[in-house]
Protein chains: 2
Amino acid sequence: MSKSNGRARQRRGSDQPTLAEVAELAGVSPITASRALNTPERVNDATRQRVLDAMDHLGYVPNLVAGSLASARSKFIAVIVPSLANAVFIEVIKGLQSTFESAGYQILLGNTDYDVEREHQLVRTFLGWSCSALVTAGLRHTPACRELLAGCDRPVMEVMELGEAVDLNVGLDHHAAGGRMASHLLERGYRHVVYVGARMADDYRARMRYEGHCKVLETAGLEPSLIELERLGSLEAGAQGLDQVRNDHPDTEAIHFANDDLATGALLHAQRLGLRVPGDIAIAGFNGLSLGQHVTPRLTTIQSPRETIGRIAAGEVIKRLAGSRVNRRRHDVGFHLLEGEST
Amino acid sequence: MSKSNGRARQRRGSDQPTLAEVAELAGVSPITASRALNTPERVNDATRQRVLDAMDHLGYVPNLVAGSLASARSKFIAVIVPSLANAVFIEVIKGLQSTFESAGYQILLGNTDYDVEREHQLVRTFLGWSCSALVTAGLRHTPACRELLAGCDRPVMEVMELGEAVDLNVGLDHHAAGGRMASHLLERGYRHVVYVGARMADDYRARMRYEGHCKVLETAGLEPSLIELERLGSLEAGAQGLDQVRNDHPDTEAIHFANDDLATGALLHAQRLGLRVPGDIAIAGFNGLSLGQHVTPRLTTIQSPRETIGRIAAGEVIKRLAGSRVNRRRHDVGFHLLEGEST
DNA sequence: TACAACGATGATAGCGCTATCATGGTAGCG
DNA sequence: CGCTACCATGATAGCGCTATCATCGTTGTA
């Protein structure tokens with residue numbers, strides 16, 4: 001009884017048709033069917049059409065897992081970001097996705113929640129998926145993770161900030177950006193300036209901007225002061241930041257927020273409190289989110305080209321994957337000051 | 001010469017160590033090494049430790065592609081959304097991701113740009129990756145795509161709205177939500193109400209809300225009017241919507257916007273124009289984004305539990321994958337009216 | 001003490017595809 | 001007309017892993 005089914009070892013993964021069945025229906029060998037799909041120019045037009053018809057007829061869906069195993073590479077690009085809550089990373093992802101998808105790559109998205117151990121774990125998983133390249137936000141990794149990235153023999157793109165990258169690097173100089181805004185505030189005549197950041201132990205790019213900010217203030221002979229919020233950037237937190245500044249540093253003339261979410265939250269809160277901006281207090285942000293340009297007064301901020309970062313990063317990776325030597329390993333996308341009326 | 005290298009057929013995909021090498025070092029068979037990783041409870045503790053040590057020593061990274069091929073299933077969950085520009089989908093994705101990742105699943109993200117053909121293509125690709133389940137935003141697909149989903153023999157979760165789903169369904173009743181807001185506006189005494197949407201041919205959930213809105217107005221003996229914007233929801237478009245309403249329907253008392261981005265854009269624009277909200281014009285939105293609750297007056301809107309949708313959807317899919325029969329195939333997450341001062 | 005039950009491990013055979021080499025046919029060339 | 005060059009196609013052999021069945025002790029129970 002148990003032997004009645006002669007092929008007990010049969011363990012087809014699914015009832016999906018396979019390339020072999022397509023090939024049989026089309027009257028060609030499996031490898032020709034494979035070529036009809038992957039390198040159509042190497043197959044006679046008529047043959048190819050016959051194969052495609054057979055695929056259509058059977059409702060064939062290529063098993064990409066098998067293809068990847070056989071060819072030892074997949075059309076996956078691993079993208080690792082620290083957070084999805086932050087519009088900044090979303091926009092970078094958009095830039096990456098549109099470019100990669102149009103080149104036929106599929107994005108594998110990982111979220112570290114600002115945890116470098118988690119990042120290491122994700123890198124391992126993605127390498128296990130034979131991804132063609134990795135894109136990760138930031139230059140900070142655990143030593144083991146950095147080693148893994150350096151030795152993994154595929155393009156590694158680190159985006160957002162510039163510095164000592166493992167391989168490719170697209171971003172901007174956050175230190176300079178923070179300094180630029182501080183200079184702007186000083187030019188406007190503000191002397192009592194406070195920097196407000198959120199969870200800066202995690203958000204080290206905000207800390208880099210703060211360092212740039214400090215340097216400028218110190219050069220001008222001013223004492224920098226910092227308020228650090230517990231919660232990550234949000235309108236909520238920005239409002240709270242404003243309250244805290246008014247409480248701890250009542251003589252403050254201008255607040256330099258670590259990002260636009262905080263700054264806009266503070267600006268809207270100031271309106272509720274009946275404060276004049278910038279008359280009573282000036283407010284500046286960072287990022288150049290659309291939101292900040294729709295409030296009154298418009299937010300003074302630093303425009304960072306986020307979607308562009310994604311697009312350029314994807315472009316460079318694609319170039320590299322296509323085999324062309326990439327000339328520039330580091331790419332500074334720059335930034336510019338957007339002067340609103342809030343300062 | 002060409003034969004000197006006896007094993008010319010050698011084509012190792014990479015120089016990564018394999019399970020076989022790990023097994024050899026640990027002095028066990030490959031299958032035991034595999035079990036040490038995947039079903040540790042079926043391996044003697046000492047043996048398992050020896051295997052894990054060997055893995056550590058060699059820097060072994062499991063080839064998940066090979067594993068998926070052999071086992072005919074992957075730890076991938078396909079997630080297909082129409083847009084990444086819209087905060088709503090981002091939040092759903094966050095809910096999905098946190099839940100799926102903690103259950104050991106990896107998300108494959110696809111973006112259709114509101115194109116059902118593109119969706120079909122993505123479904124094919126993801127099925128080709130042997131994903132364990134598919135989550136897609138919305139119930140509208142091409143017939144071929146729907147057929148593919150129905151026949152693919154794994155959990156299919158359709159989120160956002162409720163209706164005739166292929167398999168599982170988590171969402172809310174957009175028709176009712178649109179009606180609820182219309183009722184609110186009528187209760188407030190507004191009679192000249194305009195609905196403003198953006199690209200509603202694509203955003204058919206906005207159209208469903210509009211239909212609910214119309215029904216309520218018609219029941220009250222009022223004539224609904226609609227303004228449709230070309231651009232997708234954004235603060236920018238909302239401002240433009242307000243201008244257009246004031247131009248085309250100067251006697252309008254209240255505007256029911258298709259979403260909070262539009263509504264907030266209009267609200268901020270009204271402030272710039274010196275209009276009183278709701279004195280000169282009342283404004284309502286949909287979604288309950290945090291932004292709308294930080295402007296003055298606070299936006300009246302409908303709170304949709306977006307991250308919850310993602311979390312519940314992921315939970316149901318995981319239950320199904322774990323083998324337990326899912327009792328409820330449809331799950332209404334509901335909504336509630338958030339009364340701000342803008343109406 | 002015999003035998004079923006179970007726990008730990010191994011041998012074998014693929015999963016569905018593609019890299020590699022091989023083959024037969026046709027065109028180009030002196 | 002013989003030769004190389006190239007094009008279209010096929011045969012073979014894996015990619016690295018796991019499903020399945022088999023094996024061999026060790027326990028527990030009658």
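Reckoned from all heavy atoms, side chains included, excluding hydrogens, waters and symmetry mates.
- The only option from A/V43, A/V22, A/L52, A/V51 that meets the side chain to side chain contact (heavy atoms under 4.5 Å, CB included) definition with A/L37 turns out to be A/L52.
- The separation between B/L37 atom CG and D/dC17 atom P is 10 Å, rounded to whole Å.
- Side-chain nitrogen and oxygen atoms of A/N44 include none within less than 4.0 Å of the OP1 or OP2 phosphate oxygen of D/dC7.
- At a threshold of 4.0 angstrom between heavy atoms, the contacts of B/T47 are confined to the sugar-phosphate backbone, with no base atom among them.
- A/T125 and B/Q106 are not linked by any side-chain donor-acceptor pair at a separation below 3.5 angstrom, with hydrogens and angles left out of the test.
- The distance between atom CG of B/L69 and atom P of D/dG14, rounded to the nearest whole Å, is 17 Å.
- Regarding A/L58, its CG atom lies at a distance of 15 Å from the C1' atom of C/dG16, rounded to whole Å.
- Within the nucleic acid shown, B/V28 comes within 4.0 Å of sugar-phosphate atoms alone, with no base atom in reach, counting heavy atoms only.
- Residue A/Q16 contributes atom CD, which lies 10 Å from atom P of C/dG16 at whole-angstrom precision.
- Position along DNA chain D of the nearest nucleotide to B/Y60 versus A/I31 favours A/I31 as the more 5'-ward residue.
- At C/dT9, none of the side-chain N or O atoms of B/S29 fall inside 4.0 Å of OP1 or OP2 (strictly under the cut-off).
- In this structure, CG of A/N63 is placed 18 Å from P of C/dG14, rounded to the nearest angstrom.
- Atom P of nucleotide D/dG10 and atom CD of A/E24 are separated by 13 Å, given to the nearest angstrom.
- Nearest heavy atoms, A/L108 versus B/I107: CD2-O, 4.1 Å.
- Applying the 4.0 Å criterion to OP1 and OP2 of C/dT18, one finds that A/R42 has every side-chain N and O outside that range.
- One interatomic measurement links the two molecules: CD of A/Q49 to P of D/dA8, which rounds to 16 Å at whole-angstrom precision.
- Both A/L64 and B/R48 lie close to DNA chain C; mapped to their nearest nucleotides by heavy-atom distance, the more 5′-ward contact belongs to B/R48.
- OP1 and OP2 of D/dT9 both lie 4.0 Å or more from every side-chain N or O belonging to A/T32.
- Residue A/N38 has a polar side-chain atom (N or O) positioned under 4.0 Å from OP1 or OP2 of C/dT18.
- Phosphate proximity of C/dT18 to A/S34: present, with a side-chain N or O under 4.0 Å from OP1 or OP2.
- Nearest-nucleotide positions on DNA chain C place A/A20 closer to the 5' end than the other of A/A20 and A/R35.
- Backbone-only engagement by B/R73 is indicated by non-hydrogen atom pairs under 4.0 Å involving sugar-phosphate atoms exclusively.
- When each of D/dC17, C/dT9, D/dT9 is scored by its nearest atom to the side-chain atoms of A/V43, the top-ranked nucleotide is D/dT9.
- For the pair A/E316 and A/K319, the salt-bridge criterion is met [side-chain N within less than 4.0 Å of a carboxylate O].
- Considering A/D167, A/L321, A/L127 as possible partners of A/R154, the one that fulfils the side chain to side chain contact (heavy atoms under 4.5 Å, CB included) test is A/L127.
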